[in-house]
Enquirer: 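Encoded as C-alpha cells, here's the structure I'll be asking about.
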Number of protein chains: 2
Amino acid sequence: MNLSTRHMKAFSALAATRNFTRAAEFCNLTQSAFSALISNLESGLGVRLFSRNTRNVELTAEGEVFLEMVGHLLPEVERALAGMRDYVERRKGRIALAALPSIASSILPSLMARFLASYPGIELVVQDVSSTVCAELVRSRQVDFALCASTSVSAGLDSETLASDGFYFICPQDHPLARRKRLAVADVLPHPIVVYEQNSSIRQHLDASIYPRQWVRGFEVNSLSTAAGLVAAGLGVTVVPTLALFHFRIRGLRAIPLALPIDRRDICLIRRKDSTDSLAAQAFISLLREGFADAMRDLEP
Amino acid sequence: MNLSTRHMKAFSALAATRNFTRAAEFCNLTQSAFSALISNLESGLGVRLFSRNTRNVELTAEGEVFLEMVGHLLPEVERALAGMRDYVERRKGRIALAALPSIASSILPSLMARFLASYPGIELVVQDVSSTVCAELVRSRQVDFALCASTSVSAGLDSETLASDGFYFICPQDHPLARRKRLAVADVLPHPIVVYEQNSSIRQHLDASIYPRQWVRGFEVNSLSTAAGLVAAGLGVTVVPTLALFHFRIRGLRAIPLALPIDRRDICLIRRKDSTDSLAAQAFISLLREGFADAMRDLEP
DNA sequence: CACACTTACGATATTCGTAAGGATT
DNA sequence: AATCCTTACGAATATCGTAAGTGTG
C-alpha cells in the first residue's frame, strides 16, 4: 500500500461530507476519478471504508478507525510540508558564518540588517574569529561559510574574493600629515601608532608589511572603535583597511591612502568545495556580493 | 505536492545508505526509477534534498530538515497502516452484541471461546437483555448485532433465523413423568413448575402458550442454573427451550420433549439493515451460524 | 577506466474525464 | 423523475526498465 496525501485528503473530505460529488469537487476531481481514488485506497488497505448505497454514504467500523488515524496523520504531514515550504521560501532557516572581527564589526552588521529585513525568519549566527579559525570552522562544517583574508585559505575550500582592501592612515585633522593626499611607509614611521592585538588580521598584515621594530608603538587596543576614540582624542594615529573606515567617519579625523609593501588585503568568501549551500545561505551570499561591491564603491571612489 | 509513503521510504533509504544503487535495490526498484522518484520528490518540494556528484551523495541542509521530519512521520504512517492491517486481519477489533440471557448463558460462551481462540485480539462485549432491548440496542448502534427471539423484531432491522428451539420438560429421573417419550401441556399442568422472572423470554413464551393461571407455580428464579439445581434437588420441575438444555445435562435429570401451543421459539440474528458489519463481526457471525446449526444438531437429534 | 548518477526512450500501468448504467427515494 | 454512485472506455500522464551518456576519482 502506497498511502499518499491525496488518499488522506480524499478520505477525510468524504468522511466529512459523506457525499462523493461534493468531496470530489473539494478535491478538484471529477466524481468518477474521486470514486476510483477511494476504491484504490480501500483495495490498498483491503477494507471497505465507506458503506454506500446510492443514497447514503457512511463510514464502516474500519472507516472510523482509519478516520481516527488520518485525523492525526494528515495534520502532521501537512505541518511537515508547510515546514519544508518555509525553508524553501526562506521564511525559516539558520545561517552560521564566521568573519574577521574587522568585518564583523564594520560592514557586516548593516548587511545582516538588510538581510533580516527581507527574511525575518532566518537565524543568523556570527562568530568573529581570525582567518585561520575561519577556515577551520568552514572545514569542520561548524559554519556555512566565512568572510576572511585570503591568506591561510587552504585546500578543499572554495574561495571567492568579495572585496579588496587598501590601507589608510588615520589622524586628527590638525596632524602634520593631515593635508597629504597619499602617504608612504616612511612618512608614517615617526608617529606613535595605535595598534591592534597580535592575532588581529590588520596587525598581522602590518607586521608582515613592515618589520615590527620600525614602528613607534602607541596604545594596543582590541577594537577599531576604541582606536577611533583614541585618535580623535589626539592620543595617536592608526592604520586601517578600507572596510574598517566605517569606524573612522568621525568629525575631526582624516583618512589618507597609505602605500604598504603588501598593498592590499583581499576579503574572501570561503566555502566547502563540495557542499551545497542552504537556500538561506545562497540568499545571504548573493546579498553579500552586492553589499561588498557597493561598499568598495562608496569607500574607495 | 503529493507525498507518499514510497517517497518517504525512498528518501530514508537514500539518506541512510547515501548510495542510489543500494537504496534502489532496497526499495525493489531499478536505480534509474529510483533516481526519478527522488527527483520527483525534490521537484515536488522545490528543493534539492541531496547534493550528489557522481562519487558522493549527501544531504543538503534542507535534506537534513526533511530527514528530521520524515524520521517522525514515516514511523507514524507505518504504525497507522499496521494498525489497519490488524483490523483487516482481525487481530484487533471490538464486537459488541446483545443476547437473550438464555443464550448468553448457554450456547454463547463456548462459541465466544472458540472465536477468541482464533482471534485473540478481538474484544467481545456481551449484554444479556430481553429481546425488545436487544432490538433497541441494535437500532441505536450500541451493539453490532443481537441474538434474540424473533418476536418484537421491528422494521429497519435485518433478521436471520439461526436456530429454532423446541421446549423440554425437565424433571428428576424418579419423577412420575420421567419415563415418557413426549409430553403435552395437559400432562405437565399438575406439577409445580420452577419459572423464570417476568421479563425472561422463556417465561413470556410460556405465559403466551398457556394461560398463566393454569400453572402450578413453584419457585421463581433468575437463572437457568438455579433452576437446574432446584430440579436436581427434587424441588420441582421446569420447562426450557432446546438451547438451554446445556444447563440441565446433570446426572439424575431427564429432558422430555414438550408440545406447546406455540411450538417453537426462533432464535434470530438481528442487524441494522443498511449497515456494513465490521470484519471482526463478520467473522464472528459466520462462526455463530455454524455454531448454532451444530448445537441444534447435537441437542435435537 | 571504472564506478555511480543522469538522461533517453519505448513499453506498461495508472489516472483522468466523458458518458452511460443502475439503484434508491 | 431526480439524485448519486459505479462502470466503461479512450486519452493523457506517470512510472518502469533497458541502455546509453556523463562526470569524477
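Chain A is the first sequence line, chain B the second, and so forth, proteins listed ahead of strands; every chain is numbered from 1.
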Enquirer: Provide, to the nearest angstrom, the distance between the CZ atom belonging to B:Arg18 and the C1' atom belonging to C:dA4.
Expert: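 Those two atoms, CZ and C1', are 16 Å apart.
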
Enquirer: Whole angstrom is fine here: how far is it from CG in A:Leu37 over to C1' in C:dG17?
Expert: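 Nearest whole value for this atom pair: 14 Å.
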
Enquirer: Considering only side-chain heavy atoms of B:Arg6, which listed nucleotide, D:dG17, D:dC5, D:dC16, is closest?
Expert: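 From the listed options, D:dC16 comes nearest.
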
Enquirer: Is a side-chain donor-acceptor pair under 3.5 Å present for B:Arg22 with B:Thr17?
Expert: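 The criterion, which ignores hydrogens and geometry beyond distance, is not satisfied for B:Arg22 and B:Thr17.
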
Enquirer: So if I take every side-chain heavy atom of A:Leu29 and compare against C:dG17, C:dC5, D:dT6, which nucleotide ends up nearest?
Expert: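 Nucleotide nearest to A:Leu29's side chain: C:dG17.
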
Enquirer: Using only heavy-atom distances, decide whether a donor-acceptor pair under 3.5 angstrom links the side-chain of B:Ser32 to the base of D:dT18.
Expert: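 In this structure, the two groups form a donor-acceptor pair.
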
Enquirer: What is the separation between atom CG on B:Asn28 and atom C1' on D:dT15, rounded to the nearest whole Å?
Expert: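 Nearest whole value for this atom pair: 15 Å.
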
Enquirer: Between A:His7 and A:Asn2, do the side chains contain an N or O donor and an N or O acceptor separated by less than 3.5 Å?
Expert: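 No.
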
Enquirer: Grab the CG-C1' distance between B:Asn2 and D:dT15 for me, whole Å please.
Expert: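 Taking atom C1' of D:dT15 as the reference, CG of B:Asn2 is at 14 Å.
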
Enquirer: Which one, C:dT15, D:dT7, D:dG17, comes nearest to the side chain of A:Asn40?
Expert: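 Looking only at side-chain atoms, A:Asn40 lies closest to C:dT15.
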
Enquirer: Please determine, for the side chain of A:Thr21, which listed nucleotide (D:dC5, C:dC5, C:dC16) has the closest atom?
Expert: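 The nucleotide sitting nearest to the side chain is D:dC5.
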
Enquirer: In terms of side-chain geometry, is the basic nitrogen of B:Glu160 or B:Lys273 positioned less than 4.0 Å from the acidic oxygen of its partner?
Expert: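 Here B:Glu160 does not pair with B:Lys273 in a salt bridge, since their nearest N and O are not under 4.0 Å apart.
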
Enquirer: By nearest heavy atom, map A:Thr30 and A:Asn53 onto DNA chain C; which one lands nearer the 5' end?
Expert: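 With A:Thr30 and A:Asn53 compared, the 5'-side residue is A:Thr30.
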
Enquirer: Return the value, rounded to whole Å, for the distance between atom CD of B:Gln31 and atom C1' of C:dT6.
Expert: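 From B:Gln31 CD to C:dT6 C1': 8 Å.
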
Enquirer: Among C:dT6, D:dT7, C:dC5, find the nucleotide with the atom closest to the side chain of B:Arg52.
Expert: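 That would be C:dT6.
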
Enquirer: For residues A:Arg265 and A:Ser164, is any side-chain donor paired with an opposing acceptor at under 3.5 Å?
Expert: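 No, no side-chain donor-acceptor pair sits under 3.5 Å.
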
Enquirer: Select base, sugar-phosphate, or nothing to describe what A:Asn56 touches, counting heavy atoms under 4.0 Å on all strands.
Expert: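 Answer is nothing: A:Asn56 stays at 4.0 Å or more from every strand.
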
Enquirer: For the pair made of CD in B:Glu25 and C1' in D:dC16, what is the distance, rounded to whole Å?
Expert: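 After rounding, the gap between these two atoms is 17 Å.
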
Enquirer: In whole angstroms, how far is the P atom of C:dC3 from the CZ atom of B:Arg22?
Expert: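 These atoms are roughly 13 Å apart.
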
Enquirer: Under 6.0 Å between ring centres, would you say that holds for A:Phe50 and A:Phe11?
Expert: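 Yes; A:Phe11 has its ring centre under 6.0 Å from that of A:Phe50.
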
Enquirer: Given atom CD1 of A:Ile38 and atom P of C:dT15, what is their separation to the nearest angstrom?
Expert: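 Interatomic distance, CD1 of A:Ile38 to P of C:dT15: 13 Å.
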
